[in-house]
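Since the structure comes first, as structure tokens, the remarks are kept for the end.
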2 protein chains.
Amino acid sequence: MLYMRSISDDRTSRAIIRDESLRLFAVNGPGTVTVRQIAAAAGVSPALVVHHFGSKEGLHQEVDQYVLDVFEAMLGELTGESGAELLDPKSGASSLSEAFARHLPDGSPVPAYVRRLLLSDTDAGRLLFRRLYDLSRSALDGLAAAGLAAPGQDPAVRAAFLLANDLALFLLRDRLTEVLGTDPLSADGMARWAPEMLSIYAGGLNATPPQPQGEAP
Amino acid sequence: MLYMRSISDDRTSRAIIRDESLRLFAVNGPGTVTVRQIAAAAGVSPALVVHHFGSKEGLHQEVDQYVLDVFEAMLGELTGESGAELLDPKSGASSLSEAFARHLPDGSPVPAYVRRLLLSDTDAGRLLFRRLYDLSRSALDGLAAAGLAAPGQDPAVRAAFLLANDLALFLLRDRLTEVLGTDPLSADGMARWAPEMLSIYAGGLNATPPQPQGEAP
DNA sequence: ACACCGACTGAACGATTGTTTAGCATGCTG
DNA sequence: CAGCATGCTAAACAATCGTTCAGTCGGTGT
């Protein structure tokens, strides 16, 4: 933990405070983290935290907005590179959660924070979920237009079902890692998870897809 | 809020404290709920809470164990009435989450508490999830033995996938209610959700099942 | 009758909470 | 140079936290 920021950290103290509180909020929840903990993690005095953000609540809101922005920027990259193929079984990124994990640095606290937001009964969380739902709807529309999936009797529910399943992987990641022995969002884990998921999405629980091994180039 | 327990409440003060803290923990999280809030909700002094449970942490552990017991008792009823048919597409209760909601009184705080446990990175949460996972495995085994579903290339992952999807409905209930306009765990909502889910599980995203309307008795 | 015990409370304990205040540097601007 | 905002801290603020303590009350056993 020593020398974390001692050598050439060109972030302003304000940015450091924001980053450190983002990290602490993601791990422990905004309610239980104290201003003094944040100040200590950022290497400043508690008074400076209030000086820059007005109050702990002000800091909380700014961190929320910051995460929302990061998330939105990441969505921009995703739709930019793969269009409506986010849920496309043929694409490499077969899961929104997996793409999410791929587009952020390894130790980033943002995923944990987003997880907390999604489950948090706040406007920020509602906004986030609504955004993902709209994305899921348009992705399903794209698949339907391409003949890759049927819109179903109730497209709204079908899109919600696919989104919920995708997010479940993200929300229950740690629990699934425990019972499976592999992090389902890691490369190895995805290699186990994706075929099973795609098989069900392709033909249901009874389908027996051809053995995917030994395919000619 | 008046007269909540004023007329013939034969619970002991200890039980009232436990119930009220269960309710408050479920809503706000154990970390942010204060002993004084619990005492006020139970209509007793803060000192009595400590007198009965040793400390706030002691109370917390006892409530955890209590919820675990309630949950286990409910699982007993479920497996007693429907055996391995918990995930059976043909059974009326097509979702574990839905059965969960059905077997508890309407305003019960237990589901919200269980939700918090499942997401909480505690031994109690791990225990709970492991229990559900084992149930999902045996349910999948049962379906496979009955020829109703293939075990898949990786049965462990397939069981985890089905469980995660089921729990997603439970974890994201409020968010799904917002975007769908219907609580997916209510009777009306399940009538929309179940056919879509069963259709995908039966034949994948491309299947077009026969219109289920106008069927002769 | 007395002693005892468990349920229970009011008041206080020290620790910790978010926030305020006064003041010290530093650097820019006139 | 003076003036003034900016970044920042040490110290203290009242409020609230979990917990402790002394003591009251109602019953139960002897």
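Quick caveat, the model's predicted, so the values are computed rather than measured. Throughout, a chain's letter reflects where its sequence line sits, starting with A, and its residues are numbered from 1.
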Do the side chains of B:D174 and A:R126 get close enough for a salt bridge, i.e. N-O under 4.0 angstrom? no
What pairs of residues pass the ring-ring contact (aromatic ring centres under 6.0 Å, His included) test when at least one of them lies in residues 121-143 of chain B, not counting sequence neighbours? none
Which residues satisfy the ring pair (Phe, Tyr, Trp, His ring centres under 6.0 Å) test with B:F71, sequence neighbours excluded? B:F100
All N/O contacts under 3.5 Å from nucleotides 14-21 of chain D to the protein, with atom names and distances to one decimal?
{"residue": "D:dG18", "atom": "OP1", "partner": "B:V35", "partner atom": "N", "Å": "3.4"}
{"residue": "D:dG18", "atom": "OP1", "partner": "B:K56", "partner atom": "NZ", "Å": "3.3"}
{"residue": "D:dG18", "atom": "OP2", "partner": "B:V35", "partner atom": "N", "Å": "3.0"}
{"residue": "D:dG18", "atom": "N7", "partner": "B:R36", "partner atom": "NH1", "Å": "2.8"}
{"residue": "D:dG18", "atom": "O6", "partner": "B:R36", "partner atom": "NH2", "Å": "3.0"}
{"residue": "D:dT19", "atom": "OP2", "partner": "B:K56", "partner atom": "N", "Å": "2.8"}

Starting at CZ of B:R11 and ending at C1' of C:dA7, how long is that distance when rounded to a whole Å? 17 Å
In terms of ring plane angle, is the pair B:F161 and A:W193 parallel, tilted or perpendicular, where the classes change at 30° and 60°? perpendicular
Just to verify, which of B:V35, B:I38, B:L22 counts as forming a side chain to side chain contact (heavy atoms under 4.5 Å, CB included) with B:I17? B:I38
Return the value, rounded to whole Å, for the distance between atom CG of B:L48 and atom C1' of C:dG6. 11 Å
From CZ of A:F53 across to P of C:dT19 the rounded distance in Å is 13 Å
